[in-house]
Protein chains: 2
Amino acid sequence: MERLENYYNQIKNSPVFFGMNDEELKGLLECFNARVRKYEKDEIIIRQGDIISNIYLILKGDVNIEKDSYWGRRIIIARLSKNDNLALSFVGSKNVESNIDAVTVSDTVVLILGYEKCTSMCQNACTRHKILINNLFQILSKENIELIQKIENVSQKTIRDKLLTYLSNEAQKKHSNSFEIKFNRQDLADYLNVDRSAMSFELSKLQKEGLIEYNKNKFELRS
Amino acid sequence: MERLENYYNQIKNSPVFFGMNDEELKGLLECFNARVRKYEKDEIIIRQGDIISNIYLILKGDVNIEKDSYWGRRIIIARLSKNDNLALSFVGSKNVESNIDAVTVSDTVVLILGYEKCTSMCQNACTRHKILINNLFQILSKENIELIQKIENVSQKTIRDKLLTYLSNEAQKKHSNSFEIKFNRQDLADYLNVDRSAMSFELSKLQKEGLIEYNKNKFELRS
DNA sequence: TACTTTTTGTTGTATAAACAACAGAAATGT
DNA sequence: ACATTTCTGTTGTTTATACAACAAAAAGTA
C-alpha cells in the first residue's frame, strides 16, 4: 500500500501545486480528499465515456492517452509520465464524457483529488484555490500547445517527414541531438499514425543515409 | 471605425465573461484596456513566433488557425468564429512563442484585452478576475477536447474514413443529420490533411453510394 | 542453459493517395 | 451582360504506404 506521505515532496514540487506553502498545500490535500492509488501495467485508469470529476496527477510510471478508432485501430494521442495530469480538460468541462482512454504502460502511482467536492464547498474563496486554478490554467495551456505540436507531427505527408519532425521536436525538448525516446516501435507507429514495419524500414533508411543514428531507444540526429 | 459599444451585448454574453454583472464587466474591460479591431479578409492576426500577451475574442467573422509545414504545405488546425478565442494557450504559457498563425477568412472584428497588464496590477484580487480565470480554464478545456477530436479526424487512415469521421462529428455537434460546413473544399482538405482533388473524388463516390448527399456546403448523412 | 515470448527489421505485393492537367460551374468584378 | 477569377469535380499516372509473412534479435522465464 502506497502512502501519500512517501510522495509529499514530489507533490509539493509538481506544477499543480506550484507557489503554495506547506500550510496551503496540506489544507488543499485535505479539502480535496487526496489519495494515492497504484495501478499495474496495462490497467485502464480512465475509459472513454467516463465522466471525470477528479484531478489525476502521475507520481510514478508512464501512461498512454489512447483512442480506439472505428475498426479497433489504436491511436496514441500522448505518452504521459511523472508530474503530468490525466484528463484535466474533462474536469474543466463539466458533464462532458471523456473521449480518450488512459492506459498504464508500466506500474504506475497516481494522486487523485476530488475536485468537484472541494470547489463547491469553498466557493473559490480560499487563497490556495486561487493559486490552484491559476496553475491549472497554465498546465492546460501547455497541454494545448503540445496537442498542436502532435497535430504537426501527424500532419506530415510522408513517414520520413513524420519521423524527422518528431525526432527534431524531441531533440529540441531535450536540448540535445542525442536523446532517448519513451516509445517502443509499435507505440511510436501508433503515435505517428503509420504502419510499424514501414516505419522501421524508413528508420533504417534514414540511418543508412546518415541522417540519424539509433540503437534501440537511443537516437541521435546527425547534422 | 468599429466601437466597442456596438458589441457590448455580445461581449457580455460571451463565454469569457460568463457570470459577470454589468459592473464587473465594465470594470474588467477598463482594467484590461479593452479595444476593438477590424481585420479584412486574408489578414494575419497572429504569426508564428509572436509572443502573445493579449486575449483575443472574435466578435465577427471567421479565422483559420494554420501552420505552414517545412515545404510550405498548409495545415489548418481549426476554423474559429464568433465567440471563439485566439491563441489563448499562449497567454497561459508566458514567454512561449506562438506556433500557429491566425488568418482571417472573411472580414473580422476582434476584441483585444491586455491580459498581462491587468493581472500584474490587480494581483488576482478582484472578484471579476476570479470569475475570468475560471471561465478561461473552461474555455481552454473545451479547446483541448476539440483538438483531441481533430487528432481523431486526421488519424483515420483513408480519406473516406477521415470524411466520415469528420462529417459524423459535425452532425453530432449540430444535432442534425443535415448541416452546413464552414470550410470550402480546399480548406477542408487542408484540415483533414489530404489532397483536395482526391477528396472531391471520394465525396462524390460517397454520394453515389448513397451514404451522403451534398450540395455545395450543405451536407446530409443518410442512414 | 534452454525455451518461450516479445520486439524489431526486411522484403514483396496490393492498394490508396498524391500529383498534374484539365473542364465545367460558380462567384466576382466591371 | 460579359470577362475574369476562383472553386469544384474528373481522370490517368506515379509514388508511398499498408499489409502480410517471415527472420533475426532481444527480453523474459523456467
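For the numbers below, each heavy atom of this structure counts, side chains included, while hydrogens, waters and symmetry mates do not. Reminder, nothing fancy here: chain letters follow the sequence lines and each chain counts from 1.
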If you look only at distance, which donor and acceptor atoms sit under 3.5 Å apart when one is on a side chain in residues 188-200 of chain B and the other is two or more places apart or in another chain?
unit_1   : atom_1 : unit_2   : atom_2 : d
B/Asp190 : OD1    : B/Gln186 : NE2    : 3.2
B/Asp190 : OD2    : B/Arg74  : NE     : 2.7
B/Asp190 : OD2    : B/Arg74  : NH2    : 2.5
B/Asn193 : ND2    : A/Ser155 : O      : 3.0
B/Asp195 : OD2    : B/Ser197 : N      : 3.3
B/Asp195 : OD2    : B/Ser197 : OG     : 2.6
B/Asp195 : OD2    : B/Ala198 : N      : 3.1

Run the side-chain hydrogen bond (donor to acceptor under 3.5 Å, both in side chains) test on B/Asn144 and B/Ser141 for me, step by step, so that the C-alpha distance in whole Å, both residues' side-chain angles and the decisive distance to 0.1 Å come before the verdict. CA-CA 5 Å; B/Asn144 224 291; B/Ser141 297; over 6 Å; no

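Take A/Ser176 and apply the side-chain hydrogen bond (donor to acceptor under 3.5 Å, both in side chains) test, not counting sequence neighbours, and it matches no residue. Every residue was checked against the side-chain hydrogen bond (donor to acceptor under 3.5 Å, both in side chains) condition with B/Tyr56, not counting sequence neighbours, and none meets it. In this structure, A/Asp107 has no side-chain hydrogen bond (donor to acceptor under 3.5 Å, both in side chains) partners at least two apart in sequence or on a different chain. Scanning for side-chain hydrogen bond (donor to acceptor under 3.5 Å, both in side chains) contacts around A/Asn64 gives A/Glu66, A/Arg79, with sequence neighbours left out. Every residue two or more places apart in sequence or in another chain that forms a salt bridge (charged side-chain N to carboxylate O under 4.0 Å, His left out) with A/Lys174 is listed here: A/Glu170. In this structure A/Glu5 satisfies the salt bridge (charged side-chain N to carboxylate O under 4.0 Å, His left out) test together with A/Arg3, sequence neighbours excluded.
When the local axes at the two ends of the helix from C/dT1-D/dA30 to C/dT30-D/dA1 are compared, using 5 base pairs at each end, they differ in direction by 60° after rounding to 10°.
Mapping heavy-atom proximity under 4.0 Å, the span of DNA chain C touched by chain A runs 5' to 3' from C/dT8 to C/dC19. For DNA chain D, the span of nucleotides reached by chain A at under 4.0 Å from its heavy atoms goes, 5' to 3', from D/dT17 to D/dA27.
Listed by residue number, the members of residues 193-203 of chain B with any heavy atom below 4.0 angstrom from DNA chain C are B/Asn193, B/Val194, B/Asp195, B/Ser197, B/Ala198.
Residue pairs meeting the side-chain hydrogen bond (donor to acceptor under 3.5 Å, both in side chains) criterion with at least one member in residues 209-220 of chain B, sequence neighbours excluded: B/Arg160-B/Glu209, B/Glu213-B/Arg222.
Along DNA chain D, the nucleotide closest to B/Lys205 and the one closest to A/Thr158 are compared, and the more 5′ of them pairs with B/Lys205. Between B/Gln186 and A/Lys162, it is B/Gln186 whose nearest contact on DNA chain D lies nearer the 5' terminus.
For A/Glu30, the CD atom is loosely surrounded, since the number of other residues' heavy atoms within 6.0 Å does not exceed 12. In this structure, B/Phe201 places its CZ atom where only 12 or fewer heavy-atom neighbours from other residues, nucleotides or ligands lie under 6.0 Å away. Open room surrounds CZ on B/Phe18; 12 or fewer heavy atoms of other groups in view lie less than 6.0 Å from it.
Taking the six-membered ring where the residue is Trp, A/Tyr166 and A/Phe183 present tilted rings, their angle falling between 30° and 60°.
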